[in-house]
Novice: 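Shown below is the structure under consideration.
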Amino acid sequence: DTTFPVEVSGRAVEIEGRQFILGIYRDLTQRKAYEREIERLNRLYLALSQVNQAIVRTSTSPQEMLEAVCREMAYHGRFRLVWIGEHDETQHRIKPVAWAGEDQQFLDGLDIYTDERAEAHGPTGTAVREGRGVVFDDLTADPRYTPWRERVRQFGFEPAGAFPIRLRGRVWGSVTVYAPEAGFFRDKEVSLLQEVAGDISFALDHGESEAWRRQLETRNRQLAAIVDASDDAMVSRALDGTIISWNKGAEKIYGYTEAELVGRPISLLVPPGGEDELAGINERLGRGDPIPPFETVRRRKDGREIHVAVTVSPLH
């Protein structure tokens, strides 16, 4: 037996003097899958933008830069674990040098190599040895992950991906991510993660270059343009609730223009009775706590209430 999401509606009908209830069921499986894909991509675009800003802020300190990249990726990409490893070519071993995420204990005593031993054929060892991005969609079932299978089962990891980082043209190490859900790594997600690895590589090579900084700023403007063109509402606000930015998707969904909403409180979008929900979000954001995606009700400019799926990510 399988379960799947449906939309249900019904109405009373009369047939030959008898009352019946007509139920209409619509399969929402494909729509929900599409919504999850859009949500994943939006998170990754945001993560990439935050990674670029972190690189600019900390580029003169490589260690601080790597730690900041891991933090931004784990938080905004919602990865369970992100870690960066440096390749020791003399020992053919990958040593973790920066990490972030809720499951950091996974790295304790973790042995990963790049030669021909069994501990070299996971995604990280393969990415460094072959110089290409590698994705394992099911860690517990993939025979190449046998040396770490019990550890993976303990933490409940499913898919993972590793992407090589280069320094002066040679593979220096890798960035490895453990995704929050099965089926995460699709073509676009892999492409964005390869961009992250490429940005780290470029930062290690040219961290103090002014031309490189200008290039990153240009990339951030491009990412901002992607956000603005999205059909999803993407709104940023201060902790006091003041709206700071408002994209075209928000205009379509809520009916307000950017000029009407920027500088005004986010509470304008919350129908009566939703004040406690908004206060709870503000409290958790103030503590820096993660907020899982949720569904709620918001109010348009014309007063109509609409059901929305909300993802909240703090910006630093």
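Here, residue 1 is the first one in the sequence, and each next residue gets the next number.
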Novice: Between Glu189 and Leu44, is there a side-chain heavy-atom distance shorter than 4.5 Å?
Specialist: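 They are in side-chain contact.
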Novice: Count I, L, V, M, F, W, Y as connected when their side-chain heavy atoms are under 4.5 Å apart, and connections chain through other members. Are Phe294 and Leu278 then in the same cluster?
Specialist: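 Yes, one cluster joins them.
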Novice: With heavy-atom distances below 4.5 Å as the criterion, would you say the side chains of Tyr254 and Val308 are in contact?
Specialist: yes
Novice: Take Gln63 and Glu67, measure what side chain to side chain donor-acceptor pair (under 3.5 Å) needs, and give me the verdict at the end.
Specialist: CA-CA 6 Å; Gln63 182 61 36; Glu67 292 171 355; 3.0 Å; yes
Novice: Taking all atoms of both residues into account, what is the closest heavy-atom pair of Asn247 and Asp232, and its distance?
Specialist: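 The answer is ND2-O, 3.0 Å.
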Novice: Would Arg78 and Glu181 count as a salt bridge (Lys or Arg N to Asp or Glu O under 4.0 Å) here? Give the steps.
Specialist: CA-CA 10 Å; Arg78 302 269 171 89; Glu181 59 193 12; over 6 Å; no
Novice: Of all heavy-atom pairs between Ala179 and Phe185, which one has the smallest distance, and what is that distance?
Specialist: CB-CE1, 3.9 Å
Novice: Do Arg299 and Leu268 come close enough that some side-chain heavy atom pair is under 4.5 Å?
Specialist: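 No. Closest side-chain heavy atoms not under 4.5 Å.
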Novice: Let me check something: do Ile244 and Val310 share a hydrophobic cluster, defined by ILVMFWY side-chain heavy atoms less than 4.5 Å apart, either directly or through other members?
Specialist: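 Result: no, two separate clusters.
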Novice: Determine whether Trp83 and Phe106 satisfy the following criterion, ring pair (Phe, Tyr, Trp, His ring centres under 6.0 Å), listing intermediate values before the conclusion.
Specialist: CA-CA 10 Å; Trp83 67 280; Phe106 180 79; 8.5 Å; no
Novice: Check Glu277 with Arg298, please: is the shortest side-chain N to carboxylate O separation under 4.0 Å?
Specialist: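 The answer is yes: the pair qualifies as a salt bridge.
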Novice: Show your working on side-chain contact (heavy atoms from CB on, under 4.5 Å) between Cys70 and Ile84 and close with a plain yes or no.
Specialist: CA-CA 7 Å; Cys70 289; Ile84 292 173; 3.7 Å; yes
Novice: Measure across Val134 and Thr126 and return the closest heavy-atom pair with its distance rounded to 0.1 Å.
Specialist: CG2-CG2, 3.8 Å
Novice: If you draw a 6.0 Å radius around CZ in Arg264, do more than 12 non-hydrogen atoms from other residues or ligands fall strictly inside?
Specialist: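 Atom CZ in Arg264 is not packed in, count stays at 12 or less.
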Novice: Considering residues, nucleotides and ligands other than Asp302, do more than 12 of their heavy atoms fall under 6.0 Å from its CG?
Specialist: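 More than 12 heavy atoms, drawn from other residues, nucleotides or ligands, come within 6.0 Å of this atom.
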Novice: Considering non-hydrogen atoms only, spot the tightest contact between Arg93 and Leu110 and give its length.
Specialist: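 Shortest heavy-atom separation between Arg93 and Leu110 comes out as NH2-O, 4.5 Å.
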Novice: Could you tell me whether the side chain of Asn52 reaches within less than 4.5 Å of the side chain of Asp199, counting heavy atoms only?
Specialist: yes
Novice: What heavy-atom pair brings Pro164 and Val171 nearest, and what distance separates the two atoms?
Specialist: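 That would be CB-CG1, 4.3 Å.
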Novice: What verdict does the side-chain contact (heavy atoms from CB on, under 4.5 Å) test give for Leu269 and Tyr256, after you've listed the backbone C-alpha separation in whole Å, the side-chain angles of each residue and the deciding distance to 0.1 Å?
Specialist: CA-CA 10 Å; Leu269 306 178; Tyr256 290 97; 4.0 Å; yes
Novice: Within the structure provided, determine whether Ile94 and Asp88 are in side-chain contact (heavy-atom separation under 4.5 Å).
Specialist: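 No, their side chains stay 4.5 Å or more apart.
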Novice: Applying the 4.5 Å side-chain criterion to the ILVMFWY set and letting contacts propagate, would Val312 and Val297 be lumped into a single cluster?
Specialist: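 No, it is not one cluster - the side chains of Val312 and Val297 are not joined through contacts under 4.5 Å.
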Novice: For Thr124 and Thr176, which I'm curious about, is there any donor-acceptor pair between the side chains at under 3.5 Å?
Specialist: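 Yes, a side-chain donor-acceptor pair sits under 3.5 Å.
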Novice: Are side-chain heavy atoms of Met73 and Val196 found at a separation under 4.5 Å?
Specialist: yes
Novice: Any salt bridge linking Arg80 with Asp103? Criterion: basic side-chain nitrogen under 4.0 Å from a carboxylate oxygen.
Specialist: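 Yes, this pair counts.
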Novice: Determine which pairs satisfy ring-ring contact (aromatic ring centres under 6.0 Å, His included) with at least one residue from residues 120-145, sequence neighbours left out, and list them in order.
Specialist: Tyr145-Trp148
Novice: Would you check, one step at a time, whether the test side-chain contact (heavy atoms from CB on, under 4.5 Å) holds for Val82 with Phe79?
Specialist: CA-CA 7 Å; Val82 179; Phe79 292 109; 3.6 Å; yes
Novice: So which atom in Thr114 and which in Arg129 form the shortest heavy-atom distance, rounded to 0.1 Å?
Specialist: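 For Thr114 versus Arg129, the nearest heavy atoms are O-CD, 3.1 Å.
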Novice: Among the clusters formed by ILVMFWY side chains lying less than 4.5 Å apart, do Val177 and Leu66 turn up in the same one?
Specialist: yes
Novice: Test of understanding: clusters of I, L, V, M, F, W, Y form through side-chain heavy atoms closer than 4.5 Å, transitively. Do Leu193 and Trp172 belong to the same one?
Specialist: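 Yes, one cluster joins them.
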Novice: Thinking salt bridges, do Lys248 and Glu258 make one under a 4.0 Å N-O criterion?
Specialist: no
Novice: Go through the steps for Arg237 and Asn282 under the test side-chain contact (heavy atoms from CB on, under 4.5 Å), then give the verdict.
Specialist: CA-CA 11 Å; Arg237 63 180 179 86; Asn282 289 342; 2.7 Å; yes
Novice: Do Arg300 and Glu305 meet the salt-bridge criterion of a basic N to acidic O distance under 4.0 Å?
Specialist: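 Arg300 and Glu305: not salt-bridged.
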Novice: Run the ring pair (Phe, Tyr, Trp, His ring centres under 6.0 Å) check on Phe184 and Tyr178 step by step: do they pass?
Specialist: CA-CA 10 Å; Phe184 181 91; Tyr178 296 83; over 10 Å; no
Novice: Can you tell whether the side chains of Arg117 and Glu119 come within less than 4.0 Å, N to carboxylate O?
Specialist: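 Salt bridge: no.
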